[in-house]
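Encoded as structure tokens, the structure appears first; notes follow it.
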Amino acid sequence: MSLYGLINTSAAGMAAQSTALSTVADNIANVSTTGYKRSSTEFSTLVTSSGSGDYQSGGVDTDVRTAISGKSTTTSTTSATDLAVNGNGFFIVSGPSGTPVLTRAGAFVEQADGTLQNAAGYTLLGYPVGTTPSANSYAGLEVVNVGDLAMKAVPSTEGVVTFNLPIGATAVTDTTKLPSNNAADATYTQKTSFTAYNNAGSSVNLDVYYTKTADNEWEVSVYNQADATNGGFPYSSAALVTETLTFDSTTYALSTPTSLSVPVPNGGTLTLDISKSTQLDSAYTFSADVNGNAASAVKSVEISSDGTLSVVYENGSTVAAYTIPLATVASPDNMTVISGNAYLPNQESGSVQIGIAGTNGFGTISDYTLENSDVDLATELTRMIQSQNIYQSNAKVFQTGSDLLKVLVNLNT
């Protein structure tokens with residue numbers, strides 16, 4: 001029986017080293033794979049019962065482990081959608097079946113349909129901006145699609161205008177020359193222009209005239225600049241709106257009105273909050289913050305360290321669109337490894353926990369960066385030579401046992 005045990009034990013040794021060589025082969029093959037985590041083979045003895053004066057050889061068992069939580073170096077790239085996690089956490093992606101899985105492989109490329117996929121075909125998931133992540137489930141996650149983010153035209157409807165009118169200005173007493181009469185010889189104290197947007201997303205420049213008419217009283221008229229003659233009066237159409245501004249005689253703050261309603265040509269009604277305006281012994285000032293925008297194509301995307309994906313439009317504006325979360329589990333090394341550098345949480349790893357990058361122990365996200373494979377080629381080649389020698393030694397033991405069996409079988413011949 002001991003000869004058979006010798007043969008079985010050596011066969012188990014060869015099988016164990018075959019497993020070790022397989023992990024080495026996988027590691028070497030993936031030495032350049034983005035975000036790859038190396039595997040290793042751990043050995044443990046198998047002992048069989050032996051009697052007094054008798055020894056029964058046992059064997060060896062193997063356990064393949066993947067260092068999923070291991071840290072790797074990074075490499076800079078030229079793509080904003082090449083992402084790496086600095087610290088704890090994994091990107092949440094989905095495969096063709098739609099099942100969410102975790103990965104550190106962040107080489108995402110925009111596809112024809114606008115989604116972001118890495119080299120393994122997994123699609124990046126995220127939350128629309130403003131969504132609060134569910135800490136322990138994938139609820140609320142959506143496929144990140146930058147192709148659907150082209151800016152649509154939004155007409156101007158509201159804004160805030162703040163101005164100071166110099167209290168020492170000379171009043172215009174000839175009412176026939178007030179801007180509101182649209183005469184060629186109109187006289188005014190101050191003029192400013194600002195831009196709003198109509199229903200088609202076209203910009204509409206509006207000329208604003210302030211004219212002092214009496215102590216603590218001014219006239220304001222707003223014209224469509226496109227109707228001007230040589231840049232001024234007379235305009236081909238009447239003023240869009242004219243109001244009399246009255247200032248408090250003690251504080252010189254604007255008393256009435258506190259807002260202006262301007263009908264934007266081919267657009268909506270633009271309501272301007274002017275309540276913070278003043279009439280002080282100071283220079284004329286004007287500032288305007290008006291909503292609305294023209295339609296614009298997507299120029300590029302930017303991803304900040306907290307995972308906020310912002311879209312940069314051709315018109316120069318930037319709008320936050322998605323939040324890319326990170327996920328982790330209590331024991332990352334126990335997750336199930338699947339193809340494409342992806343991992344599935346299971347009972348041994350613990351349930352998934354989701355959060356925002358840079359908070360609650362999660363790492364931060366770097367764009368223009370990729371995480372390298374953690375395989376050290378020199379170490380793997382050393383392991384390969386060791387496994388090869390051990391395999392050959394086990395084969396020699398197997399051959400010795402086989403030769404002894406032949407001797408035993410041929411005793412009577």
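- Listed by chain and number, the residues in a salt bridge (charged side-chain N to carboxylate O under 4.0 Å, His left out) with Lys212 amount to none (sequence neighbours excluded).
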Point to revise | Verdict with reasoning, Gln353 to Asn136, per side chain to side chain donor-acceptor pair (under 3.5 Å) | key: CA-CA 5 Å; Gln353 298 294 311; Asn136 59 349; over 6 Å; no
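- The local environment of CD in Gln347 is sparse, with at most 12 non-hydrogen atoms from other residues, nucleotides or ligands closer than 6.0 Å.
- By the 30° and 60° cut-offs, the orientation of the rings of Tyr188 relative to Phe233 is tilted.
- Here the side chain of Glu158 pairs no donor or acceptor atom with the backbone of Ser156 at under 3.5 angstrom.
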Report the C-alpha separation of Phe91 and Phe108 in whole Å, then their side-chain angles, then the decisive distance to 0.1 Å, and conclude whether the ring pair (Phe, Tyr, Trp, His ring centres under 6.0 Å) test is met. CA-CA 11 Å; Phe91 299 111; Phe108 296 105; 5.8 Å; yes
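- Surrounding CG of Asp281 are at most 12 heavy atoms belonging to other residues, nucleotides or ligands under 6.0 Å away.
- Remark: Tyr223 OH to Leu240 CG distance equals 9.0 Å, nearest 0.5 Å.
- Legend: residues meeting salt bridge (charged side-chain N to carboxylate O under 4.0 Å, His left out) with Asp63, ordered by chain and number and at least two apart, are Arg65.
- With contacts defined as side-chain heavy-atom distances shorter than 4.5 Å, the pair Leu83/Ile324 qualifies.
- For residues 161-187, the pairs satisfying ring pair (Phe, Tyr, Trp, His ring centres under 6.0 Å) are Phe163-Tyr210, with sequence neighbours left out.
- Judged as a ring pair (Phe, Tyr, Trp, His ring centres under 6.0 Å), not a single pair has a partner in residues 288-307 (not counting sequence neighbours).
- Within a 6.0 Å radius of CG in Asn266, other residues, nucleotides and ligands contribute 12 heavy atoms or fewer.
- Of the possible donor and acceptor atoms, none in the side chain of Ser349 sits under 3.5 Å from a partner among the backbone N and O of Pro332.
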**Message:** Checking Lys37 against Ser72 for the side chain to side chain donor-acceptor pair (under 3.5 Å) test, could you report, in this order, the C-alpha distance in whole Å, the side-chain angles of both residues, the deciding distance, and whether it holds?
**Reply:** CA-CA 9 Å; Lys37 301 301 180 183; Ser72 306; 3.2 Å; yes
Apply the test side chain to side chain donor-acceptor pair (under 3.5 Å) to residues Thr62 and Thr41: give CA-CA distance (whole Å), side-chain angles for both, the deciding distance (0.1 Å), then the verdict.
CA-CA 6 Å; Thr62 58; Thr41 305; over 6 Å; no
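- For Lys177, the NZ atom is loosely surrounded, since the number of other residues' heavy atoms within 6.0 Å does not exceed 12.
- A donor-acceptor pair under 3.5 Å is formed between the side chain of Thr103 and the backbone N or O of Ala105.
- In this structure, the salt bridge (charged side-chain N to carboxylate O under 4.0 Å, His left out) partners of Arg104, at least two apart in sequence or on a different chain, are Glu371.
- In this structure, CZ on Arg38 lies 6.5 Å from CZ on Arg383, to the nearest 0.5 angstrom.
- At most 12 non-hydrogen atoms from other residues, nucleotides or ligands lie less than 6.0 angstrom from NZ of Lys276.
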Item to check | Worked verdict on Ser193 versus Asp207 for side chain to side chain donor-acceptor pair (under 3.5 Å) | outcome: CA-CA 4 Å; Ser193 299; Asp207 291 341; 2.6 Å; yes
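- Expressed to the nearest 0.5 Å, how far CE of Met335 lies from CD of Glu348 amounts to 12.5 Å.
- Under the rule for a salt bridge (charged side-chain N to carboxylate O under 4.0 Å, His left out), Glu243 has no partner lying at least two apart in sequence or in another chain.
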